[in-house]
Amino acid sequence: MKSKFLILSISFAIAATLTASTSYITMASVVSYNGTSIDANLNATATPEHITLSWTGNPTTTQTITWRTISTDTKSKVQYRVKGTTAWTTSTDVSPKLLTSGTGDENITTGIENIFSTTITGLTPGTIYEYQVIGVDVSSKQNTSSLSSFKTEKSNNTKTKVIVFGDSQSGIPNNPEYTPWNNTIQEAYSQNKDANFVVNMGDLVEIGQNYQHWNNWFSAAKGVIDKIPEMPVQGNHETYQNNNSDSSSPQNFISQFSVPQNGPYGHIGQTYSYDYGNVHFVVLDSQEDEEAPGNDSFLKQQASWLNNDLTNNKQKWTIVMFHKTPYYNKATRNNPSVKDIFTPVIEKHHVDVVFNGHDHGVSRTYPINSNNYYKNYSKGTVYYVTGRSGNKYYTDLNKKIWDATFYDCQDSPAYEVVSVVNGKLNIAAYKYNTIDTIASNKNNKMYNTSTKIDDFTIDKDNPAKSTKLKLTASPHTQLTIAGTIQKENNVFVSKNKAYVDPSLIAKYYKGTYDVNSLTLTVNELSYKFKQTDLLKGDSSKVNVDALFRQGIDVKYNTALNSILVDFTGRITPNMIAAFKGFTFGNVKPSKPVVVHKDQYGVVTGDGVRIRTGAGTQYSSKGAFALETKIKILQAEGSFYKVSHSGITGYVSNQYVKITAK
């Protein structure tokens, strides 16, 4: 397909602040996808359109097709045939369901259209079919869609290929800009014509009840979702009713996508599971904040269903998908209820990969189980954030402590290709961008061909061929705030207790710390410490136990030797009452070391590690030798007094010079 330069008007979302439209040049396929013209019929006509494939039954023998027409069409049907044959099979007449939606237009505030859906059964596995959809108008005239095709899954299949898209939304409520989404989905499909289906990871559109956005979204995806199924995940923006982000049940989403109806009561059409090949896929609804604010039963009901679903899962691979990120990349936007309620079930059943959207960056974690990080994929679940496939980007993303890898997507949309062949799973992430927005986005970069940014493999049959991971504990205990490792050596250990400076936490969250009243204020909530929480009366050194007892979420990750501080609102009085305190710096030397004059060392669980020379770089090479063990004389403040061969010095969990007495 030929490309040509086209002047467009587009807006990009920058962090939480959305700017006005700017003009720029783009290499679009043919047209732009940002129209705002809409009528009382939501622009629907008597000819079927917004045709979308999905599955509600067995992919080997069934195919579900959903479409829309003008509301005056009273019935519709599908004709289909094996490709290469001439005789059509016609479905029975399908009755419509009326969809009423906001329009985003000041003069025509609502509109209506008919939604039809039917499932063709009795198909032959591994077969290509042609089909067309016929609408019957009020005068009994038949209006036929263009010819398209689909392919059933073959029997005993152990090969699956899926294209995954992060958020495709426009980013601006009153500007339904979906040209970037068109570029991404069309490029991804053109490079992967053998894909079995596609998945959008939620936030398909900016305003779920504004049909200007849906018209552009469907137009941009035409030619893909009518050829291979779309098995979507719902996001928070699907619940938004208007530009003020007032939320409700995502009716437009539920009405327009036909998915398996096997979810828990109250979540039908939003939570579901299905098998393709030797992979079990599960889709969850993470939108408690929008659909049931403060009511954890919204997520717990799904978690209970998920536990039962995974208990009965017999497939070799399991992939779970939901929109909001339990392991996030935004500066402070966490999703603690989702993490606390979904991930224990996920990790109990050792789900292989969890896909998320929401944060608009591409990242994958170490294998995680119960907040512990591993290098071995058999010990935990990998959480993969899928970036953005559309117009909106964030400027406050960064790699977090739990991330094995991270890619910012300010410069370009991205997509993932998931391939499973027998016991091998591969995820390849690509950036693709032909839209020049450098005038409004200094980080914009052109990717005129799909450019691979991540290549990740889990091989269950040959684990040694899986992607290698490095997981190295810091030689000094780190402070990590909202998943972001703080650069300085800012944790002090004394008598097996760790102390941190609350002003660092306040600075990160743009809060305050009053050293006189010992009060930390973050997100308009205050946390008051006592003199007994301090190290020798130093207001800049507060015991991390005191942080937890004030309701601040504190964890210690031993694999990376880091204290993780976050504000989740999930620490309960019962948890505080049961809390016994953390233990740090419990030094019991077990390995012999040699200490020489003018060397540096750190206290570790193995004793005191020494390295030669000054500076801040650390190497364990040459640190241990089969000679006299170092002797710990006594603990003095936050330091340990040590001695060997007449050389005495003080070492803590930070670099400290050891000199002759």
Side-chain angles (χ1 to χ4, degrees), residues 29 33 50-56 59 62-67 117 128 131 148-153 157 159-169 178 180-205 214 216-235 238 253 256-260 270 272-277 279-283 317 319-323 353-357 362 384-390 413-420 425-432 450:
S29 54
Y33 297 86
H50 292 188
I51 298 169
T52 306
L53 301 178
S54 63
W55 294 298
T56 55
T62 73
Q63 183 65 70
T64 299
I65 307 173
T66 305
W67 64 95
S117 187
I128 298 175
Y131 76 98
S148 192
S149 63
F150 62 82
K151 184 178 181 179
T152 53
E153 181 186 10
N157 177 38
K159 184 177 180 180
T160 302
K161 189 173 188 179
V162 189
I163 308 173
V164 179
F165 299 104
D167 304 27
S168 56
Q169 68 201 99
Y178 292 87
W181 161 234
N182 170 260
N183 287 354
T184 306
I185 187 173
Q186 299 297 335
E187 167 68 9
Y189 181 63
S190 72
Q191 297 298 316
N192 298 277
K193 289 292 183 68
D194 59 338
N196 303 116
F197 59 102
V198 301
V199 173
N200 278 74
M201 288 304 308
D203 286 3
L204 286 70
V205 297
W214 286 112
N216 287 290
W217 188 92
F218 276 106
S219 295
K222 183 179 180 180
V224 179
I225 61 174
D226 52 336
K227 294 180 179 178
I228 58 174
E230 163 75 78
M231 301 298 285
V233 177
Q234 176 215 327
E238 273 69 67
F253 175 88
Q256 295 178 108
F257 296 103
S258 299
V259 298
Q270 297 155 272
Y272 60 96
S273 65
Y274 59 99
D275 292 339
Y276 194 97
V279 186
H280 183 61
F281 293 90
V282 183
V283 174
W317 295 94
I319 294 176
V320 171
M321 301 177 169
F322 51 92
H323 181 64
V353 178
V354 170
F355 283 108
N356 302 117
V362 172
Y384 204 111
V385 183
T386 53
R388 64 173 174 109
S389 61
Y415 65 91
E416 286 74 37
V417 178
V418 183
S419 300
V420 178
L425 176 147
N426 177 263
I427 303 172
Y430 299 86
K431 285 186 176 181
Y432 177 73
S450 290

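Keep in mind that this is a model prediction, so the values were computed, not measured. These values consider heavy atoms only, across backbone and side chains, with no hydrogens, waters or symmetry-generated copies.
Scanning both residues, Q63 and P229, for their nearest heavy atoms gives NE2-CG, 4.0 Å. The heavy-atom pair separating D226 from L53 by the smallest distance is O-CD1, 3.4 Å. When all heavy atoms of N200 and S168 are compared, the pair lying nearest together is ND2-OG, 3.6 Å. Between V259 and T56, the closest heavy-atom pair is O-CG2, 3.4 Å. Of all heavy-atom pairs between Y384 and A429, the closest is OH-CB, 3.6 Å. Looking at every heavy atom in both residues, P260 comes nearest to Y272 through O-CB, 3.3 Å.
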| task | Walk me through it: do I228 and Y189 pass the test side-chain contact (heavy atoms from CB on, under 4.5 Å)? | result | CA-CA 10 Å; I228 58 174; Y189 181 63; 3.9 Å; yes

| said: Does I427 form a side-chain contact (heavy atoms from CB on, under 4.5 Å) with F355? I'd like the steps, not just the answer. | reply: CA-CA 11 Å; I427 303 172; F355 283 108; 3.6 Å; yes

| said: Walk me through whether W317 and L425 qualify under side-chain contact (heavy atoms from CB on, under 4.5 Å). | reply: CA-CA 8 Å; W317 295 94; L425 176 147; 3.6 Å; yes

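Y131 pairs by the ring-ring contact (aromatic ring centres under 6.0 Å, His included) definition with F150, not counting sequence neighbours. By the side-chain contact (heavy atoms from CB on, under 4.5 Å) test, S117 is found to be paired with T64, T66, S258, residues two or more places apart in sequence or in another chain being considered.
Note that OH of Y274 is 7.0 Å distant from CH2 of W55, once rounded to the nearest 0.5 Å. Residue Y178 holds its OH atom at 8.0 Å from CH2 of W214, rounded to the nearest 0.5 Å. Expressed to the nearest 0.5 Å, how far CE of M321 lies from CE of M201 amounts to 6.0 Å. The distance from atom CZ of F257 to atom NE2 of H50, rounded to the nearest 0.5 Å, is 10.0 Å. From D203, atom CG reaches atom CD of E238 across 5.5 Å, with rounding to the nearest 0.5 Å. Taken to the nearest 0.5 Å, the CG atom of D194 stands 3.5 Å off from the NZ atom of K161.
Formation of a donor-acceptor pair under 3.5 Å by the Q186 side chain with backbone atoms of A220 is found in this model. The backbone N or O of D275 lies less than 3.5 Å from no partner atom in the side chain of H280, so there is not a single donor-acceptor pair. Under the 3.5 Å distance criterion, the side-chain polar atoms of Q169 are left unmatched by any main-chain donor or acceptor of L204. Proximity of a side-chain donor or acceptor of S389 to a complementary backbone N or O of T184 within less than 3.5 Å is not detected. At least one donor-acceptor pair under 3.5 Å links the side chain of E153 to the backbone N or O of G277. With hydrogens and angles disregarded, no donor-acceptor distance shorter than 3.5 Å links the side chain of E230 to the backbone of S54. Of the possible donor and acceptor atoms, none in the side chain of N356 sits under 3.5 Å from a partner among the backbone N and O of V385.
Contact check for F253 versus V205: no side-chain heavy atoms found under the 4.5 Å cut-off. Two residues are said to be in side-chain contact when any heavy atoms from C-beta on lie closer than 4.5 Å; I225 and F218 meet this criterion. Here the side chains of Y415 and N192 are in contact, with some heavy-atom distance below 4.5 Å.
Looking only at atom types and distance, the side chain of S450 has a donor-acceptor partner in the side chain of E187 under 3.5 Å away.
Within 6.0 Å of atom NZ in K159, 12 or fewer heavy atoms from other residues, nucleotides or ligands are found, so the atom counts as exposed in its surroundings.
Side-chain rings of F281 and F197 approach one another, their centers coming within less than 6.0 Å.
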